[in-house]
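Structure first, then comments.
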Amino acid sequence: MTYPTILEVETADRIQLCRWWRFLQSPGTEAIGRKNFQVVLDRQVEIMDRIAERMKDVGGFTPEISKKLGWS
């Protein structure tokens with residue numbers, strides 16, 4: 001799963017936010033060992049922080065959402 005843009009995060013619904021929260025890799029993981037690691041890390045941290053803020057605003061996970069998304 002690739003990181004969304006900030007615009008995608010801003011317009012995502014609760015289910016999509018929860019999906020990203022559960023399944024995105026930790027920020028920077030895909031760039032380990034690459035020259036642009038810090039740039040990728042900084043961008044992805046910003047995106048993940050915004051996902052976390054939006055998740056809080058919309059009420060976060062529920063057991064029903066968790067079951068709907070599964071673990072894979």
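Positions are given from 1, in the same order as the sequence printed here. Quick note: numbers below take in every heavy atom, side chains included, and nothing from hydrogens, waters or symmetry partners.
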Donor-acceptor under 3.5 Å (Asp13 side chain, Gln16 main chain): yes
Heavy-atom closest contact (Arg50 atom, Asp57 atom, distance): NH1-OD2, 4.4 Å
Shortest non-hydrogen contact from Val40 toward Gly28: CG1-CA, 4.4 Å
Leu41 backbone acceptor or donor facing Gln44 side chain under 3.5 Å: no
Nearest heavy atoms of Ser66 and Arg22, plus distance in Å: OG-NH2, 2.7 Å
Nearest-0.5 Å distance that lies between atom CD in Glu10 and atom CD in Glu53: 8.5 Å
Residue pair Gly60 / Cys18: nearest heavy atoms and the distance that separates them: O-SG, 3.9 Å
ILVMFWY cluster membership beyond Leu17 - transitive side-chain contacts under 4.5 angstrom: Met1, Tyr3, Ile6, Val9, Ile15, Trp20, Trp21, Phe23, Leu24, Ile47, Met48, Ile51, Met55, Val58, Phe61, Ile65, Leu69
Salt bridge Glu64-Lys67, side-chain N to carboxylate O under 4.0 Å: no
